[in-house]
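In what follows, a structure is listed as structure tokens, so that the remarks can point back to it.
Predicted, not measured: the structure shown is a model, and the values here were computed from it.
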Amino acid sequence: MVEIKTESELAMMREAGRVVANTLHAVKEAAAIGVSLRELDEVAAHVISEAGAKPSFLHYQPRSAPTPYPNVLCASVNDVVVHGIPTAYRIQDGDLVSIDCGAILDGWNGDAAISFVVGNADPADLALIEATERALAAGIAAAQPGAKLGDISYAIGAAGRAHGHGMLDDHGGHGIGRAMHEDPHLPNEGRPGRGMRLKPGLALAIEPMLTRGGDAYRYAEDGWSILTADGSRAAHVEHTIAITEDGPRVLTVR
């Protein structure tokens, strides 16, 4: 069931989104060579708690997951595309790090992700991140009132494929609001003019995932982390947005 939010509800989602944006900013500032992923998780937990919010991911368990998620953040490094569990792994020079964060404030969710390189960057990694950010921007730009869901999917896919990057099979964004994952599912590739019509008040998490290799993926032994099947590096970026009469409104910015 697709839920349409009122302006006052979107305003509350904006505050949850601000918590997420502030958390991602703090985590990126803390990320350095030698810092562990677990330490970044602790930074996120502190920022979210200080804002009077709760982490969306901690103890979350969809039907497809073998166990509840054990951490505040998803911290994915190099060939881990999404859902990487923060461990004692310490960031090394040149690592491509993707951080996904969700927060609940006054019953409303925000969800966003960033990718960046720590230390000396491989130019191909920077190009991958830039391409993923362009795909996100294209998807947001297509989220116009009266357009179709497939228009967003098509825009993401076209931008993501433009320079030969792979895209994760069968993954994409989602509706968001009182629950972190709501209808509709938003594929990262699709045909324009297809799917439900976008109405003001619809809130979506748009999240392209690109790789330097192919589309195939595999699960790690932890049952959560998704890795590229060919070992290529990956990037993941995301914003929560709202469809409004004036066009898309990004909710997960500072």
Quick one: pull up [atom1] in [X] and [atom2] in [Y] and give me the separation to the nearest 0.5 Å.
X: Leu40; Y: Glu29; atom1: CG; atom2: CD; value: 12.0 Å
X: Ile241; Y: Leu204; atom1: CD1; atom2: CG; value: 5.0 Å
X: Arg38; Y: Thr87; atom1: CZ; atom2: OG1; value: 6.0 Å
X: Leu198; Y: Ile243; atom1: CG; atom2: CD1; value: 5.0 Å

Is the backbone of [Y] close enough, under 3.5 Å, to the side chain of [X] for a donor and an acceptor to pair up by distance?
X: His171; Y: Asp169; answer: yes
X: Ser115; Y: Ala235; answer: no
X: Asn71; Y: Leu73; answer: no
X: Ser49; Y: Ala45; answer: no
X: Asp95; Y: Val97; answer: no
X: Glu39; Y: Ser36; answer: yes
X: Thr252; Y: Gly17; answer: no
X: Arg218; Y: Ala229; answer: no
X: Thr228; Y: Arg233; answer: no
X: Asp215; Y: Met167; answer: yes

Heavy-atom closest pair, residues [X] and [Y]:
X: Val80; Y: Ala234; value: O-CB, 4.5 Å
X: His185; Y: Gly172; value: CE1-N, 3.9 Å
X: Ile91; Y: Ala31; value: CD1-CB, 4.1 Å
X: Val20; Y: Cys101; value: CG1-O, 3.5 Å
X: Ala26; Y: Val47; value: CB-CG2, 3.8 Å
X: Ala142; Y: Asp151; value: CB-O, 3.7 Å

Quiz question: by atom type and distance under 3.5 Å, do the side chains of [X] and [Y] form a donor-acceptor pair?
X: Thr244; Y: Asp246; value: no
X: Glu207; Y: His236; value: yes
X: Asn109; Y: Ser56; value: yes
X: Asp79; Y: Tyr217; value: no

Q. Are Glu7 and Arg14 close enough, and set up right, to give a salt bridge (charged side-chain N to carboxylate O under 4.0 Å, His left out), and what steps lead you there?
A. CA-CA 10 Å; Glu7 272 297 326; Arg14 171 70 182 97; over 6 Å; no

Do [X] and [Y] share a hydrophobic cluster, counting only Ile, Leu, Val, Met, Phe, Trp and Tyr and linking them when any side-chain heavy atoms are less than 4.5 Å apart?
X: Val19; Y: Val72; value: yes
X: Val27; Y: Val77; value: yes
X: Ile140; Y: Ile156; value: yes

Residue pairs meeting side-chain hydrogen bond (donor to acceptor under 3.5 Å, both in side chains), one or both in residues 188-199, sequence neighbours left out, come to Arg161-Glu189

Measuring only between side-chain heavy atoms, which start at C-beta, is [X] closer than 4.5 Å to [Y]?
X: Ser225; Y: Leu227; result: yes
X: Ile206; Y: Glu238; result: no
X: Ile33; Y: Gln92; result: no

Cluster membership besides Tyr60, Ile/Leu/Val/Met/Phe/Trp/Tyr side chains within less than 4.5 angstrom, sorted by chain and number, is Phe57, Tyr69, Ile85, Met180, Trp224

| said: Applying salt bridge (charged side-chain N to carboxylate O under 4.0 Å, His left out) to Asp125 and Arg212, what does each step give before you reach the verdict? | reply: CA-CA 8 Å; Asp125 286 342; Arg212 285 175 55 182; 2.6 Å; yes

Next item on the list: Give the intermediate values and the outcome of side chain to side chain contact (heavy atoms under 4.5 Å, CB included) for residues Leu202 and Ile4.
Entry: CA-CA 5 Å; Leu202 176 65; Ile4 300 299; 4.1 Å; yes

How far apart are the C-alpha atoms of His181 and His174, what are their side-chain angles, what is the distance that settles it, and do they pass the ring pair (Phe, Tyr, Trp, His ring centres under 6.0 Å) test? CA-CA 6 Å; His181 290 107; His174 50 89; 4.2 Å; yes

